[in-house]
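Reckoned from all heavy atoms, side chains included, excluding hydrogens, waters and symmetry mates.
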Amino acid sequence: MTLMTESQQLAYANAQAADGRVNVELETDDGMVLNMGPQHPATHGTLRIIARLDGEQVTSADVMCGYMHRGYEKLCEVRTYPQVTTLVNRIDWLGSFANEVPFILAAEQLMEIEAPPRAMWIRTILFELSRIANVSLFIGDLALQLGAQTPAFLAFRDREFVLNQIESVTGGRFHPNFDRIGGLKDDLPKGWIADTKAAMGRLRSFCDDMEGLVYGNEIFQTRTRGIGVIPAHVAQSYGLSGANLRGSGVDWDLRRDANVGLAYDQLDWKVWTHPDGDSFSRCWVRLQEVREATKIVDQLCDGLPSGPIMAKVPRIIKVPAGEAYVATENPLGAMGYYVVSRGDIGPFRVKIRSASFNNISIAPWLLRGVYVPDIIAILASLYFILGDIDR
Amino acid sequence: MGLVEKGLLPKPLTKLLNLSRKYSVWTYQWGLACCAIEMGAALAAPRYDVMRLGVIPFPASPRQADLVIISGTVTDKIVPAIRRLYEQMPDPKYVISMGSCTNCGGPYWDSYSVTKGVDQIVPVDVYVPGCPPRPEALLEGIVLLQERIQNEDMQKRWAGETRGEPIVVG
Amino acid sequence: MADDTATTDAPEATSDVVTDERREALLAVFVEHLGDGVIEHHLKPGAGLWVRVATEAWALAAEVARDKAGLRWFDFLTAVDWLPSPYGRYEDSAVDVPFPPPMPERSAAVPGYAGGDSRIQVLASVAKAGTDLRVILKVDVPDDDPRIATWSGIFAGAAWHEREAHEMFGIAFDGNADLRHIYLPTEFEGHPLRKEFPLLARVVKPWPGIVDVEPMPGGDDEDDAEATEAEGGDA
């Protein structure tokens, strides 16, 4: 039994034909065409790069995405507000909890309710834990793409400690679905704070290891320093965010500058920037952010206020009519939800502004003129997740 | 393998061949979405260490693989690529479908761009449910597949007669 | 939050409304440089500023935002279809209702903040790096020929967003040469985010859990829940 509709079957046949055409990997009429993807070890999933080469140099590169397009924005329109978090978890699958937060905050803004302080603090903790889970794997993956295997094993090993902590609160390693409009599903389990602080210690030593093993490595530096330079004004006009923007010297972090109720303004922490704008600076900023995040989590654990974790909300959530846009500084960059409500149990329209979509849209500009091996290094340093590009 | 095709293979030799196939499953990782990370944790992370089961997770190409693990959301746009991949693999080949999306569409059951189940495109031997399944679940799927390989009647398999009912983990 | 702000051209601050000088100054920049191009605005103090500009002034609005207002960081560009979906929330299966159901009246399309006259509106967000200042610009696109000027010359990042909006809503962007499909296969038919686009899986099999209730810790709004449950319907 097939569920394929007629148009899907047509699309299938046509995609097959298109695939047959483009899959001639080496065309030689006008330079050489190099096809990477849709499934390629160096593209973190199903991104496809079609580069036209002159010798070893890229003359133009086309990025084809959409192999992971799952139609979130349409699906959000037919789901209720509590059901949406289940979906949006899966956008940036390495830092799932961080995807829920801006959506919930937008819905809370429309309903004009505020989560109690303890819920906000726990949200902030989980938000930072997902940043660590996300970016620590990035560091391992980065090294893998440049030819070193050990850091990937180390990253997978140390990431497990963070995932264990997330799992013991939320019940899910990957997709917690823990955030609720008005608070959180549950409180922290007993003994969790001490375990988390121990895990943070391990992650800090992981960062130290990586700093020596990867960032101090001569090969790594040669392959990333001065490669893929993005000037600040170009970064802004493409809407780059997160470490990609701060790696170009723009001092902007939504956690500090546009805080939307999370506990960041009560903590002592630093926004890292790097003036160079090359691949190395982007990777370096990310490493510092992991280390900073471990310190943030420590402070949050120390100062956790007591009290309820859930505000008073009706059991069936109807969000009053209005529009709200809330963006937060997610592991990959600025992620925002533009929620249009019509007073119904589900949103009327949700626009998901995901960081990777903007971050990768600079690739055709950035890849022009680079050498073939640098494609890998540049894409790795831009750091995207396919679900976050294609949604 | 002329003997196998003719059905002249003595039982002990079949057993030996099956044993060697069982403990050298070259696995191609077709990671598509969230499940790919859990697959990575199962196949490449030190905690789960899949090589102790006799699974070699890094073939250079699908042409060298015995098993493909399709993990993640299959969209209509990627479908032709999956079909091509499957056709490139040499027989006997096995498919593990990992995660709800690959099994049946999962949370995207009503999406306009997601294929509801990879079994519409390629035959599946093992279904691993979960969203995403824990690495242990994937390992169990691999172990169950290995059991099936061990008891396989190679002659029938070569003749393409049956691959048996799919295994569902859990 | 007091969001009943005046929707006039000039920024006004009445005594009972929380004022937001920074966003008002931002609005003044747009009014100064676009003149009649600013049709309506909506200001939520401390939360956001929505400005609706005339269709002809769309490209100019981008230049003003970047060069005059200092909003150099491109956030996103998208569109909204204000018509309600003819399928509702797919509570009824195709057995009960004819397929496709009749489209709602054109008058059922009610615009959001800052008003609007067309069924589909394009909206874009630009922000100032280092601050929380952001403007959401809206523009009407004609119903019969959805077409608008491109922003890709001003904000390079808009090119991909316009491709997406073209694919999802069928809006043409004059001046953007590359409007190929970005997500869907080349021959995909229809524009998924338009409200008349059906989710066929739902038409075939309506979702049983239209109302899902989870017991909240400490919450006991039984009466309220029952009241809403009755109208929420058992699907």
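Minimum interatomic distance between C/Tyr113 and A/Gly322 (heavy atoms only, all atoms of both residues): OH-CA, 3.5 Å. Heavy-atom minimum distance, C/Asp81 versus A/Phe348: O-CE2, 3.3 Å.
Rounding to the nearest 0.5 Å places CG of C/Asp75 at 7.0 Å from CG of A/Asn358. How far OG of A/Ser237 is from CH2 of C/Trp151: 12.5 Å, rounded to the nearest 0.5 Å. Distance NE2/A/His69 to OH/C/Tyr183: 7.0 Å, rounded to 0.5 Å.
Between chain C and the options A/Gln236, A/Arg391, A/Glu73, A/Met68, heavy-atom pairs under 4.5 Å are most frequent for A/Gln236. Comparing A/Ala258, A/Ser361, A/Ala321 by how many heavy-atom pairs each has under 4.5 Å with chain C, the most go to A/Ser361. For chain C, the option among A/His233, A/Arg256, A/Arg79 with the highest count of heavy-atom pairs below 4.5 Å is A/Arg79.
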Exercise. Step by step, work out the side-chain contact (heavy atoms from CB on, under 4.5 Å) result for C/Thr78 and A/Tyr338.
Key: CA-CA 10 Å; C/Thr78 185; A/Tyr338 191 85; 5.9 Å; no

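Contacts of A/Asp187 with chain C are absent, with no heavy-atom separation under 4.5 Å from either backbone or side chain. Residue A/Ala311: no heavy atom, backbone or side chain, is found under 4.5 Å from chain C. In this structure, no portion of A/Ile352 lies under 4.5 Å from any heavy atom of chain C. Using a 4.5 Å cut-off between heavy atoms, C/Trp82 touches chain A through backbone and side chain atoms alike. Heavy atoms of A/Val326 lying under 4.5 Å from chain C are absent altogether. Within the 4.5 angstrom heavy-atom criterion, only backbone atoms of A/Leu240 (N, CA, C, O) approach chain C. With a threshold of 4.5 angstrom between heavy atoms, A/Asp390 approaches chain C through its backbone and through its side chain. Of the atoms belonging to C/Leu199, it is side-chain heavy atoms, and not backbone ones, that fall under 4.5 Å from chain A.
Applying a 4.5 Å heavy-atom cutoff, the residues of residues 59-73 of chain C that approach chain A are C/Arg72, C/Trp73. Of all residues spanning residues 155-168 of chain C, those with a heavy atom less than 4.5 Å away from chain A's heavy atoms are C/Phe155, C/Ala156, C/Gly157, C/Trp160, C/His161, C/Glu164, C/Met168, arranged by number. Contacts between residues 128-136 of chain C and chain A, counted as heavy-atom pairs separated by less than 4.5 Å, involve C/Lys128, C/Ala129, C/Gly130, C/Thr131, C/Asp132, C/Arg134, C/Ile136.
A/Lys74 places no side-chain N or O within 3.5 Å of a backbone atom of C/Pro198 that could act as its donor or acceptor partner.
Here the two rings, on A/Tyr325 and C/Phe76, have centers that are under 6.0 Å apart.
Counting only heavy atoms from C-beta outward, the side chains of A/Arg342 and C/Val110 approach each other to under 4.5 Å. Between A/Arg349 and C/Leu193 the shortest side-chain heavy-atom distance falls below 4.5 Å.
Sorted by first and then second residue, the pairs that involve residues 61-71 of chain A and meet salt bridge (Lys or Arg N to Asp or Glu O under 4.0 Å), not counting sequence neighbours, are A/Asp62-C/Arg180.
Under a cut-off of 6.0 angstrom, the local environment of CD in C/Glu196 is crowded, with over 12 non-hydrogen atoms contributed by other residues, nucleotides or ligands.
The pair A/Glu323-C/Lys44 fails the salt-bridge criterion, with no side-chain N (NZ, NE, NH1 or NH2) lying under 4.0 Å from an Asp/Glu carboxylate O.
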